[in-house]
Amino acid sequence: MRGVPIRLELGPRDLAAGTVLMSRRLSYPQPDAAKEAIPLEAAPGRLAAELAAFQAMLARRAADFRDDHTAVVNSWPEFAAAVAVGWALALHCGEQACEDEIKTETTATPRCIPRAGNPEQGTCIRCGGPSAYGKRVIFGRAY
Ligand SMILES: [Zn+2]
């Protein structure tokens, strides 16, 4: 049953009543472990809608997790603290040697340069050199 988003239980009593018991594996943001009896003939349409809602819920939960664990940082101590528990949005010079130094100190590496967000220039979070890319870079640790 692990990994199954929606479970349907159909026993003799359910069949006699023309219903099926539906339960979701998880919900977000509120837990919802309750089972729900749905009419058997409505199950196919309902399941399609439930699966679409489940997919949207997973995407929302992942985006919320990402946003809750991403910090905009402007100093090295902030950077180190942010990558210890999630991701850091920081300006970087784009130099490989600087990137290697960051990796040695924190095990964090650049993950991506998000398209969203305003263009930004400044100084590198590590070496203080001029920033590259015209954007902040997301750094994170690999697991
Ligand atoms: Zn640098």
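Numbering of ligands and ligand atoms starts at 1, following listing order. Since we're looking at a predicted model, the values are computed, not measured.
- Relative to the six-membered ring of W87, R111 misses at least one condition, a distance below 6.0 Å or an angle of at most 45° to the axis.
- The closest donor-acceptor contact from the side chain of D68 to the backbone of F65 lies at 3.5 Å or more, if one exists at all.
- Judged by distance alone, the side chains of D100 and Q96 do bring a donor and an acceptor atom under 3.5 Å apart.
- In summary, the side chains of N74 and R136 do present a donor paired with an acceptor at a separation below 3.5 Å, with no hydrogens or angles considered.
- Protein N/O/S atoms found under 2.8 Å from the Zn ion (ligand 1): C93 SG, C98 SG, C124 SG, C127 SG.
- A salt bridge links E36 to R24: one of the charged nitrogens lies within less than 4.0 Å of a carboxylate oxygen.
- Applying the 4.5 Å side-chain rule to ILVMFWY residues, one finds that V85 remains a lone member of its cluster.
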